[in-house]
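Here's the structure we're looking at; comments come further down.
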Amino acid sequence: MPGINEGSWLVSDRSDHLRERGLLNPPPECTVAGMLTAVAEQNLSPLAVEIVWDGDSRGWIPTLCVVVARPEYELVTLGWFAGHLGRTQPTGKEASEKGRALAEALGVHFYFPLRDRPGIDQPHWWDRPGA
C-alpha cells in the first residue's frame, strides 16, 4: 500500500496526464466579481474579509473567506490561491490583492494577520483588539 508521499505523487502525475489529454480542466480563476456573485447567491452578510492559511503535506494555501455571524462568527470560503506553496516560501500576494478589492467592494474590513508566516493557529478577525 503506498504511503502519503507516493499517493500524492501518483495523484499529481495522473492529474498532469489528464490535463495534457484535455480530460481535466483547471479550476476556474477566482475573481473578485465571481466572489461578489457567490456572496450574493449565498445571501451572506459579510462582516469582514479574512485570509487564512490551509496546509497539507505539500505546503501552504492562502484561503480567502468572508466572516459572517450565524449567530456565532463563522468563515465562509470563497477561494483558494496560488496552488500549493513551498513551506519555506509562502506568498499570499494574489489572495491579498483580491481580498482587499473584495473587502472594498463589500465595504468591510480586510484581515490577513499571518501574511509572511503561515500557520493554522492564527488569530481571526473577531479575536483582534476592539472587535
Side-chain angles (χ1 to χ4, degrees):
M1 186 160 232
I4 191 164
N5 290 333
E6 293 86 5
S8 178
W9 177 86
L10 182 61
V11 168
S12 177
D13 184 61
R14 193 72 193 123
S15 295
D16 289 344
H17 287 289
L18 291 172
R19 260 191 233 78
E20 288 170 4
R21 294 175 52 200
L23 299 174
L24 181 65
N25 296 325
E29 180 185 357
C30 193
T31 65
V32 174
M35 290 185 284
L36 285 169
T37 299
V39 167
E41 287 175 348
Q42 295 178 54
N43 198 28
L44 300 174
S45 297
L47 302 170
V49 172
E50 180 173 334
I51 297 176
V52 296
W53 290 101
D54 187 11
D56 68 11
S57 61
R58 293 183 286 172
W60 293 100
I61 305 162
T63 305
L64 195 146
C65 308
V66 290
V67 178
V68 296
R70 295 185 177 171
E72 297 196 14
Y73 294 120
E74 184 180 320
L75 295 173
V76 177
T77 300
L78 295 179
W80 295 270
F81 291 86
H84 292 277
L85 303 169
R87 294 185 185 276
T88 58
Q89 297 180 345
T91 178
K93 185 176 184 218
E94 181 185 8
S96 185
E97 290 169 357
K98 290 183 178 178
R100 284 186 192 284
L102 179 63
E104 185 177 313
L106 293 170
V108 298
H109 289 103
F110 173 70
Y111 191 68
F112 190 11
L114 300 180
R115 193 176 319 266
D116 300 323
R117 52 185 173 88
I120 57 171
D121 294 325
Q122 73 181 42
H124 291 289
W125 171 82
W126 56 85
D127 296 325
R128 75 194 196 299

Practice item. Would you please test Val67 and Leu75 for side chain to side chain contact (heavy atoms under 4.5 Å, CB included) and show each step? Key: CA-CA 5 Å; Val67 178; Leu75 295 173; 3.7 Å; yes
Atom pairs and distances, donor-acceptor, side-chain atoms in residues 95-114, under 3.5 Å, two or more places apart:
| unit_1 | atom_1 | unit_2 | atom_2 | d |
| --- | --- | --- | --- | --- |
| Ser96 | OG | Arg115 | NH1 | 3.0 |
| Lys98 | NZ | Glu29 | OE2 | 3.2 |
| Lys98 | NZ | Cys30 | O | 2.7 |
| Lys98 | NZ | Glu94 | OE2 | 2.9 |

Exercise for review: Supply the atom-to-atom distance Asp54 CG to Trp80 CH2, rounded to the nearest 0.5 angstrom.
Suggested key: 8.5 Å
Practice item. Could you tell me the separation between the CD atom of Gln122 and the CG atom of Asp127, rounded to the nearest 0.5 Å? Key: 9.5 Å
Review point. Given Ser15, which of Asp13, Val11, Leu18 fulfils the side-chain contact (heavy atoms from CB on, under 4.5 Å) condition?
Key: Val11
Exercise for review: Provide the closest heavy-atom pair for Cys65 versus Val52 in the form atom of the first, atom of the second, distance.
Suggested key: SG-CG2, 4.1 Å
N/O donor-acceptor pairs under 3.5 Å from side chains in residues 31-41, not counting sequence neighbours:
| unit_1 | atom_1 | unit_2 | atom_2 | d |
| --- | --- | --- | --- | --- |
| Thr31 | OG1 | Gly34 | N | 2.9 |
| Thr37 | OG1 | Ala33 | O | 3.0 |

Review point. For Glu6, does the CD atom have more than 12 heavy-atom neighbours from other residues, nucleotides or ligands under 6.0 Å away?
Key: yes
Review point. In chain order, what residues pass the ring-ring contact (aromatic ring centres under 6.0 Å, His included) check against His124, with sequence neighbours excluded?
Key: Trp126
Check your understanding: Is any side-chain heavy atom of Val76 less than 4.5 Å from a side-chain heavy atom of Arg70?
Key -> yes
